Amino acid sequence: MDILVFGIQGSGKGTQAKALALALNLPIFETGAELRKIATMDTEQGREIKKTIAKGDLVDSQTILEQLTIYFEKSGNIKGIIFDGVPRTYEQALLFDAMMTEKQRKNIVVDIQLSEQDALERLRQRRICDTCGAVFLPDYTKSVCNLCGGNLIHRGDDNPEAIQRRFAKYKSETLPVIEHYRKQGKVISVQGNQAIIDVTKDIFTQLSPLLKLEKDC
Ligand code: AMP
């Protein structure tokens, strides 16, 4: 069973996706991180993606599909994957669903809910490690990463203009994707405005019976 994690930017989507991956011992496909890797390359595609991310726009669906294809080619059709940040548009959802049906994969969706106001406050304050990409919230006051010693910086797209565009895209493009899965009865929703550990607990309270059901079938 795959788990798709959704949430507005700053909701803790990446953090909870990592917690799920760790607790369930599953690999994670982190779309934003994959794209940021390509964006560091001095190629036409790298430069294009870098510009798109910096503006707060969405990368084209074909590139996303290519990245998924490459991921499956490398890892094989492994049992369960945590998908962080995909699909992000209705067009991507249809392509994604077709790919997963073809691979006979099932999924469940986690929707982390947070108001734009709370999300904005978190994005203003969050820092990431420039080396390993770990995310640090305001309660961590040091300037170096406690995992790898890298420098902590603000993400290039965590600037006011890009944040507003990303929020707008989330509302217009991604919320319809969650609704698409909700209609299929696949979505569990949790409140993101709590401590990280409490969000994780809420996810597991709802997810565990579903995973157990899947195991027993
Ligand atoms: P994230 O790290 O999930 O906030 O993603 C960072 C940026 O990568 C987004 O603002 C988009 O520009 C791009 N991105 C990530 N996932 C997708 C996706 N599924 N489709 C299009 N663009 C994406």
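Atoms within a ligand are numbered from 1 in the order they appear, just like the ligands themselves. Note that the structure is a prediction, hence the values are computed from the model and not measured.
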Item to check | Any Arg36 heavy atom less than 4.0 Å to ligand 1 | outcome: yes
Checklist entry - Would you say the side chains of Ser189 and Asp111 form a donor-acceptor pair under 3.5 Å? => result yes
Checklist outcome for this item: Among non-hydrogen protein atoms, atom 13 (C) of ligand 1 lies closest to Leu35 CD1, 3.6 Å
Item to check | Ion pair Asp2/Lys106, N-O distance below 4.0 Å | outcome: no
Next on the checklist: Polar contacts were defined as any N/O atom of the residue lying under 3.5 Å from an N/O atom of the ligand; does this apply to Gly56 and ligand 1?
Outcome noted: no
Checklist entry - So do Gln113 and Val190 actually touch side chain to side chain, heavy atoms under 4.5 Å? => result no
Item to check | Any donor-acceptor N or O pair under 3.5 Å, side chains His154, Asn159 | outcome: no
Checklist entry - Heavy-atom contact under 4.0 Å between Lys13 and ligand 1? => result yes
Checklist entry - Just by distance, with hydrogens left out, do Glu121 and Gln125 show a side-chain donor and acceptor under 3.5 Å apart? => result yes
Checklist entry - What residue and atom, counting heavy atoms only, is the protein's closest point to atom 11 (C) of ligand 1, and at what distance? => result Asp57 O, 3.4 Å
Item to check | Modelled atom types, side-chain donor and acceptor of Asp202 and Gln194, under 3.5 Å | outcome: yes
Checklist entry - Under 4.0 Å between a Lys/Arg side-chain N and an Asp/Glu carboxylate O for Asp57 and Arg166? => result no
Checklist entry - Which atoms of ligand 1 have any heavy atom of Thr31 under 4.0 Å away? => result 16 (N), 17 (C), 19 (N)
Checklist entry - Is the charged tip of Lys13 near the ring of Phe6: under 6.0 Å from the six-membered ring centre and within 45° of its axis? => result no
Next on the checklist: If we count only N and O atoms by modelled type, under 3.5 Å, do the side chains of Gln67 and Thr31 hold a donor and an acceptor together?
Outcome noted: no
Next on the checklist: Judged on heavy-atom distance to atom 1 (P) of ligand 1, which of Gln67, Glu30, Arg88 sits nearest?
Outcome noted: Arg88
Checklist entry - Under a 4.0 Å heavy-atom limit, does Leu58 contact ligand 1 with its side chain, its backbone, both, or neither? => result both
Next on the checklist: Looking only at protein heavy atoms, which one is nearest to atom 22 (N) of ligand 1, and what is the separation?
Outcome noted: Val59 N, 3.0 Å
Next on the checklist: Can you confirm, on distance only, whether ligand 1 has an N/O atom lying under 3.5 Å from any N/O atom belonging to Gly85?
Outcome noted: yes
Checklist entry - Under a heavy-atom criterion of less than 4.0 Å, does Arg155 contact ligand 1? => result yes
Checklist outcome for this item: Near Gln92 (heavy-atom distance under 4.0 Å), the atoms of ligand 1 are 18 (C), 19 (N), 20 (N), 21 (C)
Item to check | Atom indices of ligand 1, in the order listed, that fall short of 4.0 Å to a heavy atom of Gly32 | outcome: 2 (O), 5 (O), 15 (C)
Checklist entry - Can you find an N/O atom of Gln9 closer than 3.5 Å to an N/O atom of ligand 1? => result no
